[in-house]
Every structure is written in C-alpha cells, then in structure tokens.
Amino acid sequence: MPVMHEACKELRSYLRYGHHECIVTTVNGGGEVNAAPMGVEFVNNLIILKPYIDTRTYSNILDVGEVTLNITSDSLLYYYALFKPGEIRYGSSKRVRPLRILGNVDMYVEAVVDSISKHDGKVATVSLRPILCYMGCGSRLAYSRANSLLIEALIHYTKLNPLINEGKFEEVENRYEAIKEVYHVVLKVGNDELKKIITDVMLRSSDIIKAVAAGVSAM
Ligand SMILES: Cc1cc2nc3c(=O)[nH]c(=O)nc-3n(C[C@H](O)[C@H](O)[C@H](O)COP(=O)(O)O)c2cc1C
C-alpha cells in the first residue's frame, strides 16, 4: 500500500539511531486518552514498543489495539505526559482512535497492533504496523543539554519505583545520584522553566528516596 510505504520511509529516517524516545497516546475502551513516554525502535517496517505490563498504555493497547506515536525532542511534553497530563492539548488522529498531541511534535505515526508477546512477567513486546505518518509543527529547538538531560532525569525517575519493588536498592541509589547530577547541570544551562521543572523532578525523587528510607512505598 503506497501510504504504508511512504510512512515507513519517513519513519526509518526519524528512528535511524536504534532506540528512540517518543510519547505514545492510547485510548481505553471508553475512549479516554492516555499519554506516556515510551522507547521505540523501528525494525523490519514495524515499530517495537516494550511497555511494562502494569502501565495504562499496555492495558489500552490490549483493549483497543491502536496507538498514535508523537515523535518529539521537546522535554516539556515528556514532563507533562508524566506529571501534568491536563496541560497537554490534543487533536484527532486521522485513522486511529488515540488522539495526537498538538504543539511541538515533529512527526505523528498512527499504528495498529501486529503482535504482542510477553517475554517475562514484567514487560511485553508490542509490534505495531504503521498505517499513516505525517509531519507536525516540529520541536523547533536547537540542541539543548538541559532539554536532553531533563528527558534522562525523567527516565531515571520512572525507574525508581519499579527498582524499589524489585528490591534493587543499589540501582535506586545510582539512579538517584544521576538525577542529582542532571539537576545541577540543568540549573546551570537551562532556562527558568526547565530549572523549575528539574527542581520538581528532584523533589519528587527525594520524596521517593525518603519514603524508602522510612520503609514506606511512595509515588
Ligand atoms: C523518555 C522515557 C521513556 C520511557 N520508556 C518506557 C518504555 O519503553 N516502557 C515503559 O513501560 N515505560 C517507559 N517509561 C516510563 C513510563 O513513561 C511511565 O511508567 C509512565 O508512567 C507509564 O504511563 P501509563 O501507565 O499511563 O502508560 C519511559 C519514561 C520516559 C521518561
């Protein structure tokens, strides 16, 4: 199908460095939208997603079988997806039910489930077939260390609780140290908005660490 072929050509270019990050939008059976940052890879014309099975993204994929990938480098959208979903503005996708995120998005990919496998008790591998791919407004951003580091900090942050649940406290400590390093750099090279956001991520991370020290699970 020509649309599919074009979509794959564009995608191959955008996802050419292996593992990439994006924001995945899905809907549940009732049509309620959900946005979550997720890693993606493009392999043999399929998009590979590896969601933890306890995520809303995974249960929505099981329910509805459709996703919209919002490909963006803008760290603010990742932060909003995790902590301030009410700040995200949505528009309709063209062929699938999950909405697309409006704003600084480079490319939208509408995709349907090709196959799902659960290779361990925690993470599933979801293969998605892209059916439509089109450009958004773009991230419109020169390379910014603060922007990239904020995304790194968000990844470390989202790993804290899974690692605590697995009892991997040394890794928790390493991730916390990494967040602290990011915090100091973003305070040096970020603008006021990113400084405020990294401070929020730092505080949320400290709360989790304090709760662990006190023997309670937080988040
Ligand atoms: C940049 C980035 C990439 C992420 N990649 C994944 C991933 O590939 N799989 C996953 O399960 N969680 C990933 N996470 C964590 C999820 O985004 C996080 O657990 C989120 O709360 C899941 O949301 P949901 O339950 O609404 O689906 C990532 C987080 C960030 C910041």
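As the structure lists them, so they are numbered: ligands from 1, and atoms in each ligand from 1.
Interatomic distance, Asp114 CG to Ile47 CD1, rounded to the nearest 0.5 Å: 10.5 Å.
Remark: ligand 1 atoms within the under-4.0 Å shell around heavy atoms of Asn34 are 24 (P), 26 (O), 27 (O). Atoms of ligand 1 found under 4.0 Å from any heavy atom of Ile151, numbered from 1 in the order shown, are 1 (C). Taking a cut-off of under 4.0 Å to the non-hydrogen atoms of Leu154, the atoms of ligand 1 that pass are 31 (C). Every atom of ligand 1 is numbered from 1 in the order shown, and the set under 4.0 Å from a heavy atom of Lys50 is 7 (C), 8 (O), 9 (N), 10 (C), 11 (O).
With a heavy-atom cut-off of 4.0 Å, Ile155 touches ligand 1 through backbone and side chain alike. Using a 4.0 Å cut-off between heavy atoms, Asp54 makes no contact with ligand 1 at all.
Of the options Val182, Leu154, Val186, a side chain to side chain contact (heavy atoms under 4.5 Å, CB included) to Val201 is made by Leu154 and by none of the others.
Checked against a 3.5 angstrom limit, the closest N/O atoms of Arg56 and ligand 1 fall inside it. Annotation: Thr57 places an N or O atom under 3.5 Å from an N or O atom of ligand 1; distance criterion only. For ligand 1, the polar-atom distance check against Pro37 finds a nitrogen or oxygen pair separated by under 3.5 Å. At a 3.5 angstrom cut-off on N or O pairs, Pro51 does not count as close to ligand 1.
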List the steps, then state whether side-chain hydrogen bond (donor to acceptor under 3.5 Å, both in side chains) holds for Asn34 with Thr25.
CA-CA 5 Å; Asn34 185 67; Thr25 42; over 6 Å; no
Show your reasoning for whether side-chain hydrogen bond (donor to acceptor under 3.5 Å, both in side chains) applies to Ser139 and Asn104.
CA-CA 4 Å; Ser139 296; Asn104 295 345; over 6 Å; no
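The closest donor-acceptor contact from the side chain of Glu66 to the backbone of Arg97 lies under 3.5 Å.
With 3.5 Å as the limit, one finds no donor-acceptor pair spanning the side chains of Arg129 and Asn45.
If you look at Phe83 and Tyr157, their ring centroids are closer than 6.0 Å.
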